[in-house]
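Some notes on the structure that comes next.
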Amino acid sequence: ARLSEARAELAKPQSTATPTAANDSSLAELERSALAAEEIAKVANTELRTAEANQQLRSQRQPLLPQLIATARDKLASLTTQLDAQGSDPTLAEPAMSQRVALAAERYAMAQDVAKLEAELASYSGSEELLVVLRDLAARRANRADDVARAWQAIVASRRTQEAKLAEQS
């Protein structure tokens, strides 16, 4: 669902409307609008950098996962072998029973690690396209926000020039 929503948004034509200021807007109002646009652009650019970093981290980690999974499975098999070698004699001395409980806990934790790594690897194949589309959307938003911020800066600069000329004429 999220991928189809992101694709639909990306398929929409990008707005090219430029901001305009009412003639009766004060310079202070225009400056506030420009600052707001700059803040929106900062947020959009931060989101873009985050999307790019996420994509880069995934592309670096994904090739490592098969080896990490294999190593974790080997460790799990080793723990299982150690646990099986101890048997399940309920009359074991306390130190031996403590060691068995510790091995069982370590085996359980390793089984959870294997499952987590396998789930991570599976999620990569299912969400790679989504990350690409989300990065493209973030890039579009950042570019648009930068354009709007520049337009507001130009409006403010123009108004300052107008006010300076009026001040000179007075």
Side-chain angles (χ1 to χ4, degrees), residues 1-77 108-170:
R2 190 169 177 206
L3 178 59
S4 60
E5 290 171 6
R7 279 185 188 152
E9 185 177 342
L10 195 57
K12 291 178 187 174
Q14 187 172 354
S15 171
T16 56
T18 56
T20 56
N23 288 335
D24 62 345
S25 297
S26 70
L27 180 57
E29 290 171 328
L30 297 177
E31 288 172 337
R32 281 193 296 277
S33 294
L35 284 174
E38 289 170 13
E39 285 303 314
I40 290 169
K42 283 180 189 176
V43 169
N45 281 292
T46 298
E47 289 173 357
L48 174 58
R49 285 190 302 276
T50 299
E52 290 171 341
N54 286 341
Q55 198 170 20
Q56 183 178 9
L57 286 172
R58 284 174 58 108
S59 68
Q60 291 171 348
R61 181 153 169 84
Q62 189 173 8
L64 304 175
L65 284 173
Q67 181 59 45
L68 291 172
I69 291 170
T71 301
R73 283 182 181 158
D74 289 347
K75 176 74 174 167
L76 180 61
Y108 177 79
M110 187 54 59
Q112 296 302 308
D113 285 349
V114 168
K116 183 184 83 171
L117 289 168
E118 288 172 341
E120 182 181 351
L121 183 59
S123 77
Y124 283 175
S125 62
S127 61
E128 191 168 331
E129 185 179 358
L130 175 62
L131 281 180
V132 170
V133 171
L134 291 176
R135 180 191 42 81
D136 290 349
L137 275 174
R140 175 190 271 191
R141 289 178 186 139
N143 288 336
R144 178 67 184 140
D146 288 341
D147 290 346
V148 169
R150 280 191 295 275
W152 275 111
Q153 290 167 355
I155 290 169
V156 168
S158 174
R159 180 60 61 89
R160 284 183 180 145
T161 302
Q162 286 175 354
E163 290 188 5
K165 285 180 181 176
L166 285 174
E168 273 181 20
Q169 292 173 358
S170 301

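Model, not experiment: these values are computed from the prediction.
R61 has a carboxylate O that lies under 4.0 Å from a charged side-chain N of E120, or vice versa, which qualifies the two as a salt bridge. Between E39 and K42 there is a salt bridge, since a side-chain N of the basic residue sits under 4.0 Å from a carboxylate O of the acidic one.
The CZ atom of R160 lies 9.5 Å from the CG atom of L30; values are rounded to the nearest 0.5 Å. Taken to the nearest 0.5 Å, the CG atom of L48 stands 7.5 Å off from the CG atom of N143. The CD1 atom of I40 sits 12.0 Å away from the CG atom of N45 when rounded to the nearest 0.5 Å. Annotation: the span from D113 atom CG to R73 atom CZ amounts to 13.0 Å, rounded to 0.5 Å. With rounding to the nearest 0.5 Å, the separation of CG in L137 from CZ in R7 is 11.5 Å. From Q14, atom CD reaches atom CZ of R144 across 7.0 Å, with rounding to the nearest 0.5 Å.
In terms of heavy atoms, A145 sits closest to A41 at CB-CA, 3.5 Å. Counting all heavy atoms, side chain and backbone alike, A111 lies closest to L76 at N-CD1, 3.8 Å. Closest of all the heavy-atom pairs between A34 and W152 is CA-CB, 3.6 Å. Closest heavy-atom contact between P63 and P66: O-CD, 3.5 Å. Shortest non-hydrogen contact noted between D136 and L10 is CB-CD2, 3.9 Å. What you find for L68 and L117 is that their closest heavy atoms are O-CD1, 3.8 Å.
Looking at E128 and Q62, their side chains come closer than 4.5 Å, going by heavy atoms from C-beta outward. For the pair E31/R159, no side-chain contact is recorded, criterion being any heavy-atom separation below 4.5 Å from C-beta on. In this structure, L134 and Q55 have side chains that are not in contact, with every pair of non-hydrogen atoms separated by 4.5 Å or more.
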### Query
Can you list the steps and then say if E29 with S33 is a side-chain hydrogen bond (donor to acceptor under 3.5 Å, both in side chains)?
CA-CA 6 Å; E29 290 171 328; S33 294; over 6 Å; no
### Task
Start with the C-alpha gap between R150 and D147, add the side-chain angles, then the distance that decides, and say whether side chain to side chain contact (heavy atoms under 4.5 Å, CB included) holds.
CA-CA 5 Å; R150 280 191 295 275; D147 290 346; 2.5 Å; yes
#### Entry: side-chain hydrogen bond (donor to acceptor under 3.5 Å, both in side chains) assessment of R58 paired with S127
CA-CA 10 Å; R58 284 174 58 108; S127 61; 2.9 Å; yes
#### Entry: side chain to side chain contact (heavy atoms under 4.5 Å, CB included) assessment of Q60 paired with L57
CA-CA 5 Å; Q60 291 171 348; L57 286 172; 4.1 Å; yes
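Remark: the T46 side chain and the R49 side chain contain an N/O donor-acceptor pair separated by less than 3.5 Å.
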